[in-house]
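Scroll down for the structure; my scribbles are underneath it.
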Protein chains: 2
Amino acid sequence: MNDLRIVNHQITLVDQVEEKLLNYFKSNNLGPGDPIPKELELATALGVGRSVLREALSRLRMLGLIETRTRRGMLLAEPSLLRGMKRIVEPNMLSDKTLFNILGFRVALEIGMTEMIFQNINKAHIDDLEDIVKRGIVKKYSEYTPVTEYEFHTKLYEITGNSTIMEFQAIIRPVSVFLKERFKDYFLPINKELARTGKLVSHKDLLDFLRKGDKEGFRKGMIDHFGAYYTFLKHENHSEED
Amino acid sequence: MNDLRIVNHQITLVDQVEEKLLNYFKSNNLGPGDPIPKELELATALGVGRSVLREALSRLRMLGLIETRTRRGMLLAEPSLLRGMKRIVEPNMLSDKTLFNILGFRVALEIGMTEMIFQNINKAHIDDLEDIVKRGIVKKYSEYTPVTEYEFHTKLYEITGNSTIMEFQAIIRPVSVFLKERFKDYFLPINKELARTGKLVSHKDLLDFLRKGDKEGFRKGMIDHFGAYYTFLKHENHSEED
DNA sequence: TTATACGATTTGTCTTACAAATATAATTAT
DNA sequence: ATAATTATATTTGTAAGACAAATCGTATAA
């Protein structure tokens, strides 16, 4: 029955119990708000000790799938999609490959948001962006202050009205910041050159597209705005294939 | 020192220990491959029992952050970004709002991938897509067989060369499938009408853009290909605001 | 009937115990 | 003396028991 033991990298009882719990919820069509049996019942039903059962429950509790109030027992709840991810997005912990992947992910997502942005944008959004851009124009070259850089892009995410996307960007943001700093010798010269030749797409330029309702201009502008990232990722991917 | 107790929704010792462990790894600059102290040391250092410590470790083990081999102790490992998410993307468990958000996320991402696709695409990719498209043209109207529908889009993700994006799409795919089925009364008529008036962008059309190297055509095609989703999401968001 | 107090139940935490696995030390054989 | 084997110790995985804290329900008293 239990020939899982063969596997080398040690599938523990806790792993199995966790999976069985998920299957149990699924096959019984349990969803947010539904109560689940108490610990002792679950433990005996699954034939494991309370400690093992609790370790498995603890995992699901971390994901927000289970809520528990003392004495009243446990309830299923709507889990947080990204709570697990949030804990581990730590540049130190992730390989370069993963960091590059995340950066690529972010760029694709942000450019792909264009349709949604133009579907939802209104005057208040424009005003907010205008304020951010004004406060950002202090440094000479291509660089904004990190805070307005952050605010501008966050606002764009906000305009989509998609809270999952917003949460996602907040989590992966440190990766962009980290890579930009770590590879500044790569990015700074490129952006300076773009600024010198007038090809750099600034936040102000992007805002102008939004104001004019020029969707294609905005999309193109965003792609150019991320130009340095594209060439960076292309280069890094190739250098990894060697 | 520990005034966390004030919070209502019960922050347990396990929650605190989990966070302390993450902080410990971070502040000691520990990363994949580094060994960490044994359970008893950690437990006494944190002033908690082994059971609490183990519940916290179990969570991090689930995310792949910690690997452990009996007797040899525990090592840090590169965590899986999306392993936590994978367990909970279950349409039953998620609210409609979250499901819609995920669908919007997917659409934005897939359209935003255009640049990357055109950066990486080669003859072999085109051939693969051609094969998929050929096998898909069996039904009349706008509908492909689900399997080729899946294969085509998966191939697009694959062309990006970004394994994080690929993993992500594999996880959230059930949501699109689920919504398409659940709201088929909405989607089918729209697609039929588009097909009737010749405005439906098929996989074959998209492939043609790829073959011709027509990036803007492809991007536009993708947007149209997802047209029904956009109007659906727009409609659903508005109806929620009431 | 309402308010208080008591008891029962369930989760949170700690402790102890033991099995399984394996690294290290000790012992034996060549 | 070196290699092979055995024994020992250590560490994680699992189980079980105990108790505190919280709270729900009930019983008792005003």
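Throughout, a chain's letter reflects where its sequence line sits, starting with A, and its residues are numbered from 1. The analysis underlying the following values was restricted to heavy atoms, covering all of them including side chains, and did not include hydrogens, waters or symmetry mates.
Sorted by first then second residue, the ring-ring contact (aromatic ring centres under 6.0 Å, His included) pairs that include residues 156-177 of chain B, not counting sequence neighbours, are A:Phe105-B:Phe168, B:Phe105-B:Phe168.
Not counting sequence neighbours, the partners of B:Asp131 by the salt bridge (Lys or Arg N to Asp or Glu O under 4.0 Å) test are B:Arg135. The side-chain hydrogen bond (donor to acceptor under 3.5 Å, both in side chains) test applied to B:Thr44 returns no partner, not counting sequence neighbours. Under the rule for a salt bridge (Lys or Arg N to Asp or Glu O under 4.0 Å), A:Glu78 has no partner lying at least two apart in sequence or in another chain. Partners of B:Tyr150 according to the side-chain contact (heavy atoms from CB on, under 4.5 Å) rule, which considers only residues two or more places apart in sequence or in another chain, are B:Thr154, B:Gln169, B:Arg173. Applying the side-chain contact (heavy atoms from CB on, under 4.5 Å) test to B:Glu39 and every residue at least two apart in sequence or in another chain returns B:Arg50, B:Leu53, B:Arg54, B:Leu57, B:Arg61, B:Met74. For B:Asp128, the salt bridge (Lys or Arg N to Asp or Glu O under 4.0 Å) partners are B:Lys155, not counting sequence neighbours.
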Contact string for nucleotides 10-20 of chain C, one letter per nucleotide 5' to 3', B = base within protein heavy-atom range under 4.0 Å, S = sugar-phosphate only, - = neither, reads BBBBBB-B---
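On the nucleic acid side, DNA chain D has its first and last nucleotide under 4.0 Å of a heavy atom of chain A at D:dG13 to D:dC24, going 5' to 3'.
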